[in-house]
Each structure stands twice: as structure tokens, then as C-alpha cells.
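One-based numbering along the sequence shown. The analysis underlying the following values was restricted to heavy atoms, covering all of them including side chains, and did not include hydrogens, waters or symmetry mates. Indexing begins at 1, ligand by ligand and atom by atom, following the structure's order. Source: prediction; values computed, not measured.
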Amino acid sequence: MRKYVIMGIQGSGKGTQAQLLAADFDLVHIAVGDIFRWNVEQHTKLGAHVRRIMSVGELVDDEVVESIVRERLERHDWNYGFIIDGFPRNARQAEFFLESYDIDGVILLEMPDEDVAGRVLSRRICSACGLDDDVAGRDPAEADVCAACGGQLVAREDDNPEALAARLRDYHEKTKPIVELFERKEFVARVDATQSIPVVQTEIRRQLGL
Ligand code: ADP
Ligand code: ZN
């Protein structure tokens, strides 16, 4: 059983790296932001509650986040383990998590702030297959077509300069400080996220002994 948390600034590639690790080691990838986005799309009660909060880049209230995480983990469909992405994001969530679950390691993707806007603002998500894509420097005629399936690429509603500034501020004020808390209790693998996707993945596995 392997249980990991993946952390990192916006655009550092948490989702991409978590999915690569999950696919090869049969881990369940639990992305709290994806769960919220799914609820917004499906117009659920939870979706109605988080929609405005997310669109301006603020954090959803801890009680709501904790119950989502608890419910998701209680499903126990993670026979070989899980990798949780986007949680915890502040001291209170970290305390709740450390009290309730023991984990095998934390992956911290490190990237300077200067790189964030470039990555996040050129990121698109395929509305058909859900893949992430980067349209920076691409021919405008092909800029909104998914290279994998031909589906329509769309920007996330919160990938705009204003919401990104709010998310970055929260990352530095609330999320970054919990790395120190984790470092006292858990193994933290610090990886340079400015490298290419496969290099980052190899480095994660090396540090985790996988
Ligand atoms: P990013 O890490 O790029 O900000 P995510 O997809 O992880 O994007 O999260 C999107 C949004 O979902 C956040 O801006 C926030 O509104 C909400 N959210 C996700 N995880 C949490 C969390 N642990 N606590 C509070 N809000 C969260
Ligand atoms: Zn696609």
C-alpha cells in the first residue's frame, strides 16, 4: 500500500505527475480540484456552492473540503494506494489529514513564481477527453484542437490573471507553510519541476524508491 500527497505551486504539474505515477503503480489519483470541477459541470448542490469561490481563485471552506476527502477515501477503492493532489492546502487541513491517515511520503514540486503565469495562462483542457494541453507558441488555427482526440480545448475558468494572483497568494500564505509541518513528520521528496515531464517523473520515483 502506497499513500502519497503531491504538492506544488500552480502550474508545477501536480496533476500530470500524479497521473503518471498512479497509472504505473495502480494508485487512485484523488484531485480535489477535479472533484469540484466535476460537480460544477454536473450542476450538483456542491457545484453550486463552490462555483463562485473557485472562479475567483479562493479556497473552498475547510469543512466542505474535509468531508469530500473523507468520503472519497472511505470508498476504499484504492487497493494499492492513493496519491492525493490539491489537499491539504492549509494548516487546518494538514492537521485533519495527519490525524486521520498515515502517509508514506510527500512529493513537493518546486518551481519559481516567474514560471507560473507562462504555464498556467497557456494551459488548456480538452472538453472531450480531459487531457491537459499547452498551446503556447502554437499555430492559432490549431490552438483550440486537442492533439490527442481532436476535441475542443478550453481554458479553465480560474486560469485568468486575477484568479491566478489570488491562488498564488494563498499558496504562499497558507499552503507553503505546511511543507515545514510535513517535514517534521514525513518524508518529503523535493523535485525541480522546471525540468521536462519524464525527468520530473524519474526523479520522483528515484526519491520515493519506486
Ligand atoms: P490549482 O492548484 O491550480 O489552484 P486545483 O485544480 O487544485 O488548482 O483547485 C482548483 C480550485 O479548487 C482552488 O482554487 C480552490 O477554489 C478549490 N480547491 C481545491 N482544493 C482545495 C482545498 N484543499 N481547499 C480549499 N479549496 C480547494
Ligand atoms: Zn482530447
Side-chain angles (χ1 to χ4, degrees), residues 5-19 29-41 46-73 83-98 100-101 106-109 111 113 115-135 142-178 182 193:
V5 170
I6 189 162
M7 296 178 62
I9 202 163
Q10 282 70 26
S12 59
K14 294 182 299 278
T16 304
Q17 297 297 337
Q19 270 163 13
H29 174 210
I30 301 172
V32 177
D34 287 350
I35 295 175
F36 288 151
R37 274 186 290 278
W38 183 89
N39 277 276
V40 170
E41 272 162 33
L46 174 64
H49 175 72
V50 302
R51 185 180 181 139
R52 191 207 57 85
I53 301 173
M54 285 180 81
S55 68
V56 293
E58 280 168 14
L59 292 179
V60 173
D61 24 311
D62 293 329
E63 295 76 17
V64 171
V65 177
E66 284 168 17
S67 76
I68 293 301
V69 170
R70 191 182 297 116
E71 257 170 48
R72 182 63 193 83
L73 290 172
I83 178 161
I84 189 156
D85 157 1
F87 179 90
R89 284 206 199 217
N90 60 29
R92 155 140 183 206
Q93 293 179 12
E95 277 156 29
F96 157 82
F97 191 59
L98 289 171
S100 316
Y101 307 94
V106 176
I107 301 159
L108 176 63
L109 298 179
M111 193 176 83
D113 275 23
D115 293 358
V116 171
R119 283 198 184 188
V120 169
L121 301 179
S122 68
R123 155 168 91 183
R124 300 289 183 276
I125 291 165
C126 176
S127 53
C129 74
L131 269 185
D132 270 19
D133 211 333
D134 189 320
V135 292
E142 293 166 5
D144 60 353
V145 179
C146 172
C149 80
Q152 170 92 31
L153 295 179
V154 292
R156 251 169 65 172
E157 198 184 353
D158 59 346
D159 282 350
N160 63 68
E162 296 74 34
L164 179 60
R167 286 150 68 204
L168 264 177
R169 196 193 51 232
D170 277 337
Y171 182 79
H172 285 292
E173 280 176 13
K174 298 173 181 159
T175 310
K176 196 95 184 291
I178 67 178
F182 275 136

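Glu157 meets the salt bridge (Lys or Arg N to Asp or Glu O under 4.0 Å) test with Arg51; sequence neighbours excluded. Applying the salt bridge (Lys or Arg N to Asp or Glu O under 4.0 Å) rule to Arg124 yields no partners; only residues at least two apart in sequence or on another chain are considered. By the side chain to side chain contact (heavy atoms under 4.5 Å, CB included) test, Ala193 is found to be paired with Ser12, Leu109, Met111, residues two or more places apart in sequence or in another chain being considered.
Note that CD1 of Ile178 is 10.0 Å distant from CZ of Phe97, once rounded to the nearest 0.5 Å. Distance CD1/Ile6 to CD/Gln19: 10.5 Å, rounded to 0.5 Å.
Between Arg167, Met54, Arg89, Arg52, it is Arg89 that holds the heavy atom closest to atom 7 (O) of ligand 1. Taking each of Lys14, Arg37, Met7 in turn, the one with a heavy atom nearest to atom 6 (O) of ligand 1 proves to be Arg37.
Of the N or O atoms in Asp85, none lie within a sub-3.5 Å distance of an N or O in ligand 1. Taking any N or O of Gly86, backbone or side chain, at least one lies under 3.5 Å from an N or O belonging to ligand 1. Between Val60 and ligand 1, at least one pair of N/O atoms sits closer than 3.5 Å. Polar contact check, Glu58 against ligand 1: a nitrogen or oxygen pair lies under 3.5 Å apart.
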Stepwise, does the side-chain hydrogen bond (donor to acceptor under 3.5 Å, both in side chains) test hold for Asp113 with His172?
CA-CA 10 Å; Asp113 275 23; His172 285 292; 2.8 Å; yes

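The heavy-atom pair separating Cys149 from Ala128 by the smallest distance is SG-CB, 3.9 Å.
Contacts of Val65 with ligand 1, taken as heavy-atom pairs under 4.0 Å, involve the side chain alone.
Side-chain atoms of Asp61 and His49 form a donor-acceptor pair, as typed in the model, at a separation below 3.5 Å.
If you check which protein heavy atom lies closest to atom 24 (N) of ligand 1, you get Gln93 NE2, 3.0 Å.
For ligand 1 and Arg156, the ligand atoms under 4.0 Å from any heavy atom of the residue are 1 (P), 3 (O), 5 (P), 6 (O), 8 (O), 10 (C).
Arg156 pairs in a side chain to side chain contact (heavy atoms under 4.5 Å, CB included) with only one of the listed residues (Leu164, Ile125, Val120), which is Ile125. None of Thr175, Asp62, Asp170 except one satisfies the side-chain hydrogen bond (donor to acceptor under 3.5 Å, both in side chains) rule with Asn90; the exception is Asp62.
The number of protein N/O/S atoms found under 2.8 Å from the Zn ion (ligand 2) is 4.
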